[in-house]
There are 2 protein chains.
Amino acid sequence: MQANITEILRKHQLSITEARKKILSLFWETGNAMAHGDIEQKSSADFDRVTIYRTLQTFVEKGIIHTIPTADNSVRYALCKDECAAGHHHDDHVHFICDDCGITYCIDEVSVPKVKLPKGFKAAQTDLVISGTCNKCDL
Amino acid sequence: MQANITEILRKHQLSITEARKKILSLFWETGNAMAHGDIEQKSSADFDRVTIYRTLQTFVEKGIIHTIPTADNSVRYALCKDECAAGHHHDDHVHFICDDCGITYCIDEVSVPKVKLPKGFKAAQTDLVISGTCNKCDL
DNA sequence: TACAACAATGCAACTTTGTTGCAAAATATT
DNA sequence: AATATTTTGCAACAAAGTTGCATTGTTGTA
Ligand SMILES: [Mn+2]
Ligand SMILES: [Mn+2]
Ligand SMILES: [Zn+2]
Ligand SMILES: [Zn+2]
């Protein structure tokens with residue numbers, strides 16, 4: 001996987017640095033979405049806060065991760081699939097945030113339905129975020 | 001309209017204060033959604049920042065306004081329709097954020113489609129937020 | 001491998017945003 | 001009008017995010 005990480009960075013024309021390798025591997029390890037704070041914790045102060053901000057920003061721009069809107073002022077980030085590129089994200093899947101455990105899931109198997117908007121409104125991006133109880137917390 | 005504002009507050013068993021009247025009337029005047037910062041500006045420093053935070057929180061709890069998640073760490077608030085009550089919101093309409101002018105619309109005429117989630121996932125709330133160009137900015 | 005060019009990082013300082021406790025003021029209740 | 005209850009403003013704080021710049025690390029080339 002370590003080789004994979006480096007390859008991804010190279011593919012997106014990013015120089016290979018410790019911070020980027022570490023943060024990107026965190027995404028692969030956890031599998032789920034992470035907020036800036038999560039990353040700060042999990043990287044256990046290996047990097048400056050500012051570096052994490054800048055790394056996330058770079059990753060979003062390059063199409064490596066995408067943002068997930070939330071109703072609590074804390075944007076989450078998750079890995080993009082292969083289709084995403086520098087200027088163009090194609091993360092048209094549903095996101096699920098568990099009210100219980102707080103985990104944010106990319107529900108890749110469910111895609112966002114197309115909706116018809118009133119005249120004059122042109123959609124560029126559609127985000128469908130569902131909150132509730134996840135399959136781990138469901139007793 | 002002034003009478004209306006007071007009536008709404010009373011209906012939700014809130015005491016009638018200057019801050020609440022002003023902030024609630026702002027929502028009626030603008031028509032669209034507002035972030036905390038917008039309100040702070042439009043109320044032109046009439047109230048303490050803390051009062052605005054607390055008022056918004058109260059309004060959400062009482063079912064007077066609802067939150068709209070965004071991908072840029074700035075939750076927006078908009079008026080609920082009549083159906084919403086203290087514990088139970090029913091704002092199942094689509095939201096639209098214009099990338100151009102920044103206005104956030106409640107698209108009341110388009111309701112959020114039901115989606116089928118994987119086994120074990122139980123939806124409590126669904127938010128569909130679309131960004132793009134609004135009908136004013138569409139040339 | 002060594003060097004130069006370039007990019008990323010850490011640090012400090014700062015701004016913005018949000019939270020909490022408490023006394024003063026406003027509102028509701030009698 | 002007097003009292004009980006809520007709300008507000010203030011201050012102090014915590015958390016989150018931004019910016020400039022010197023230092024360090026990375027990359028491509030000699
Ligand atoms: Mn996703
Ligand atoms: Mn709405
Ligand atoms: Zn859960
Ligand atoms: Zn617009």
Side-chain angles (χ1 to χ4, degrees), chain A residues 2-3 5-26 33-62 64-65 67-77 86 102 104, chain B residues 2-3 5-26 33-62 64-65 67-77 86 102 104:
Chain A
Q2 183 67 3
I5 298 284
T6 305
E7 199 180 324
I8 293 172
L9 290 174
R10 210 187 309 277
K11 182 161 56 180
H12 289 89
Q13 295 153 36
L14 289 173
S15 43
I16 319 295
T17 70
E18 288 306 310
R20 288 175 179 168
K21 280 193 287 185
K22 174 73 179 184
I23 292 173
L24 186 48
S25 63
L26 272 181
M34 292 187 290
H36 176 273
D38 299 325
I39 295 164
E40 206 168 340
Q41 287 186 315
K42 298 201 182 188
S43 62
S44 52
D46 281 345
F47 310 104
D48 196 80
R49 268 175 354 105
V50 179
T51 300
I52 299 177
Y53 281 115
R54 294 198 265 227
T55 302
L56 289 174
Q57 191 179 303
T58 302
F59 282 1
V60 170
E61 285 165 2
K62 289 290 183 175
I64 299 176
I65 60 177
T67 58
I68 303 162
T70 69
D72 71 335
N73 270 332
S74 78
V75 173
R76 316 282 165 93
Y77 301 86
T104 302
Chain B
Q2 182 67 3
I5 298 283
T6 304
E7 199 181 324
I8 293 172
L9 290 173
R10 210 187 309 277
K11 182 161 57 181
H12 289 89
Q13 294 154 37
L14 289 173
S15 42
I16 319 294
T17 71
E18 287 307 310
R20 287 174 179 168
K21 279 192 287 186
K22 174 74 179 182
I23 292 174
L24 186 48
S25 62
L26 272 181
M34 292 186 288
H36 175 275
D38 300 324
I39 296 164
E40 206 168 339
Q41 287 186 316
K42 298 200 181 189
S43 62
S44 53
D46 282 345
F47 311 103
D48 196 80
R49 269 174 351 104
V50 179
T51 300
I52 299 177
Y53 280 115
R54 294 196 267 226
T55 302
L56 289 174
Q57 191 179 304
T58 302
F59 283 1
V60 170
E61 286 166 1
K62 290 291 185 175
I64 298 175
I65 60 177
T67 59
I68 303 162
T70 69
D72 70 335
N73 269 334
S74 77
V75 174
R76 316 282 165 94
Y77 301 85
T104 302

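Naming: A, B, ... by sequence-line order, numbering from 1 per chain.
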### Query
Tell me, for nucleotides 18-26 of chain C in 5' to 3' order, what letter each nucleotide earns: B for a base near a protein heavy atom under 4.0 Å, S for only sugar-phosphate near one, - for neither?
BBBB-----
Exercise answer: donor-acceptor pairs, residues 12-19 of chain B side-chain atoms, under 3.5 Å, sequence neighbours excluded:
unit_1	atom_1	unit_2	atom_2	d
B/His12	ND1	B/Ile8	O	2.9
B/Ser15	OG	B/Arg20	NH1	3.4
B/Thr17	OG1	B/Arg20	N	3.3
B/Glu18	OE2	B/Lys21	NZ	3.4

Would you mind writing out the side-chain donor-acceptor pairs for residues 47-58 of chain A within the sub-3.5 Å range, not counting sequence neighbours?
unit_1	atom_1	unit_2	atom_2	d
A/Asp48	OD2	A/Val50	N	3.0
A/Thr55	OG1	A/Thr51	O	2.7
A/Thr58	OG1	A/Arg54	O	2.8

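Contact of the A/Leu26 side chain with the A/Ser43 side chain is registered, since non-hydrogen atoms from C-beta on lie closer than 4.5 Å.
The salt bridge (Lys or Arg N to Asp or Glu O under 4.0 Å) analysis of residues 36-47 of chain B, with sequence neighbours excluded, yields no pairs.
Rounded to whole Å, the distance from CD on B/Gln41 to P on C/dT16 is 12 Å. Atom-to-atom, NE2 of A/His12 to P of C/dA7 comes out at 19 Å; the value is rounded to the nearest Å.
Of all non-hydrogen atoms in B/Asn73 and A/Val75, the two that sit nearest each other are OD1-N, 3.2 Å. Taking every heavy atom of both residues into account, A/Ala71 and B/Pro69 meet most closely at N-CB, 3.6 Å.
The span of DNA chain D lying next to chain A, judged by atoms under 4.0 Å from heavy atoms, is bounded 5' to 3' by D/dA16 to D/dT27.
The side chain to side chain contact (heavy atoms under 4.5 Å, CB included) test applied to A/Ser74 returns A/Thr70, A/Asp72, A/Arg76, not counting sequence neighbours. Shown here are the side chain to side chain contact (heavy atoms under 4.5 Å, CB included) partners of A/Val60, two or more places apart in sequence or in another chain: A/Ile65, A/Thr67, A/Tyr77, A/His89.
The bend of the helix from C/dT1-D/dA30 to C/dT30-D/dA1, defined by the angle between the axes of its first five and last five pairs, stands at 40° to the nearest 10°.
The NZ atom of A/Lys22 lies 11.5 Å from the CD1 atom of A/Ile39; values are rounded to the nearest 0.5 Å.
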